[in-house]
Each structure stands twice: as structure tokens, then as C-alpha cells.
Q: 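Handing you a structure now.
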Amino acid sequence: LERFDVVVNIDVLFHVVDDQRWEQAVSNLAGHVAPGGHLVIQEALRASGDTTPSAHHIHFRTLDDYRRVLEGWRLLDHRPYVLPEAGTTKDLLIWVRD
């Protein structure tokens with residue numbers, strides 16, 4: 001298994017609507033991070049307690065969902081920001097593998 005100092009995933013994981021496949025995708029990405037390396041994920045997070053249904057082709061997760069799958073990882077930074085042209089909020093998550 002090849003490992004890298006930085007693994008980046010941008011706006012992909014919310015398209016994985018099946019929870020088990022999503023967990024496997026996150027685990028696979030994390031598995032390619034070298035010790036001391038970083039996993040960078042940009043997604044639109046769902047707020048905890050938000051029960052708004054997702055569309056059939058997207059499924060947003062919460063930060064707690066990511067924390068559960070990335071147990072043992074440390075969230076180094078979480079930066080929400082707004083895409084000006086779309087007016088939507090995205091979340092930049094930077095995880096470190098100790």
C-alpha cells in the first residue's frame with residue numbers, strides 16, 4: 001500500500017450515498033496517509049441534528065460521522081467558508097495521523 005504525506009479529497013464523498021461504502025471510502029483514503037501525514041477533505045457538512053432528507057444522488061454527513069470513521073485521528077483544523085458564486089457553505093477538514 002503506497003502512502004503519502006498529504007491525501008486530498010475535494011467534493012466527492014457526499015456523492016457516496018451508501019453509508020458502508022462511504023465509510024470504506026474514507027477508510028481507504030486514510031489508509032494512504034503516511035504516519036505524521038495529513039488527510040484534507042473538503043465537503044459540505046450536515047449540521048448535527050439536521051434531519052433534512054438528502055437528494056437521491058447526494059448524502060451529507062456530520063463532523064461526528066467523520067470523527068467516528070477517523071477514530072484515532074486528530075482534527076487539526078476545521079474551516080467553514082462560503083463559495084461566493086454559489087452562496088453555499090463548504091467545510092475544509094484537515095486531519096493528522098499521529
Side-chain angles (χ1 to χ4, degrees):
L1 180 65
E2 195 165 1
R3 294 185 187 243
F4 304 91
D5 292 334
V6 178
V7 174
V8 178
N9 184 277
I10 299 174
D11 284 344
V12 174
L13 294 169
F14 64 85
H15 292 291
V16 183
V17 296
D18 179 80
D19 288 331
Q20 287 182 325
R21 288 185 178 184
W22 173 81
E23 287 181 19
Q24 187 61 55
V26 173
S27 293
N28 287 345
L29 289 167
H32 285 283
V33 178
H38 295 84
L39 174 61
V40 179
I41 299 174
Q42 176 192 285
E43 290 290 309
L45 293 179
R46 176 187 294 259
S48 293
D50 181 357
T51 58
T52 306
S54 298
H56 72 281
H57 65 287
I58 58 174
H59 181 60
F60 298 107
R61 271 69 178 204
T62 66
L63 182 56
D64 287 339
D65 292 327
Y66 278 94
R67 287 183 195 277
R68 181 178 46 78
V69 174
L70 294 170
E71 184 179 346
W73 286 70
R74 183 168 39 99
L75 182 60
L76 190 63
D77 200 359
H78 174 202
R79 293 184 187 215
Y81 63 94
V82 176
L83 292 172
E85 65 279 358
T88 57
T89 300
K90 296 285 185 170
D91 295 89
L92 182 65
L93 306 172
I94 302 173
W95 301 87
V96 64
R97 179 178 181 171
D98 293 323

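We count residues from 1, following the sequence as given. Atom set for the values below is all heavy atoms of this structure, side chains included, hydrogens, waters and symmetry mates excluded.
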Q: With rounding to the nearest 0.5 Å, note down the distance linking OH in Tyr81 to OG1 in Thr88.
A: 8.5 Å

Q: Side chain to side chain contact (heavy atoms under 4.5 Å, CB included) for Asp77 and Leu92? Distances and angles first, verdict last.
A: CA-CA 8 Å; Asp77 200 359; Leu92 182 65; over 6 Å; no

Q: Taking atom CD as the centre, does Glu85 end up with more than 12 heavy-atom neighbours from other residues, nucleotides or ligands that are less than 6.0 angstrom away?
A: yes

Q: Hey, mind stepping through Arg68 and Glu23 against side chain to side chain contact (heavy atoms under 4.5 Å, CB included) and telling me if it holds?
A: CA-CA 9 Å; Arg68 181 178 46 78; Glu23 287 181 19; 2.9 Å; yes

Q: Go through the steps to decide whether Leu1 and His32 satisfy the test side chain to side chain contact (heavy atoms under 4.5 Å, CB included), and finish with yes or no.
A: CA-CA 7 Å; Leu1 180 65; His32 285 283; 2.9 Å; yes

Q: Are Asp65 and Arg46 ion-paired here, with the side-chain N under 4.0 Å from a carboxylate O?
A: no

Q: Could you tell me whether the side chains of His38 and Asp5 share a donor-acceptor contact shorter than 3.5 Å?
A: no

Q: Consider only side-chain heavy atoms of I, L, V, M, F, W and Y, link residues closer than 4.5 Å, and tell whether Ile58 and Ile10 are in one cluster.
A: no

Q: Got a sec, which hydrophobics cluster with Val26, joining ILVMFWY side chains under 4.5 Å apart, including via others?
A: Phe4, Val7, Leu13, Val16, Trp22, Leu29, Val33, Leu39, Ile41, Leu45, Leu63, Tyr66, Val69, Leu70, Trp73, Leu75, Leu93, Trp95

Q: Between Asp91 and His78, which heavy-atom pair has the shortest distance, and what is it?
A: OD2-NE2, 2.7 Å

Q: Would you name the heavy atoms of Thr89 and Pro80 that are closest together and state the gap between them?
A: CG2-CB, 4.4 Å

Q: Return yes if some donor-acceptor pair links the side-chain N/O of Glu43 with the main-chain N/O of Val12 below 3.5 Å, else return no.
A: yes

Q: Hey, mind stepping through Val82 and Lys90 against side chain to side chain contact (heavy atoms under 4.5 Å, CB included) and telling me if it holds?
A: CA-CA 6 Å; Val82 176; Lys90 296 285 185 170; over 6 Å; no

Q: Determine whether Asn9 and Gln42 make a side-chain contact, defined as any pair of heavy atoms from C-beta on separated by less than 4.5 Å.
A: no

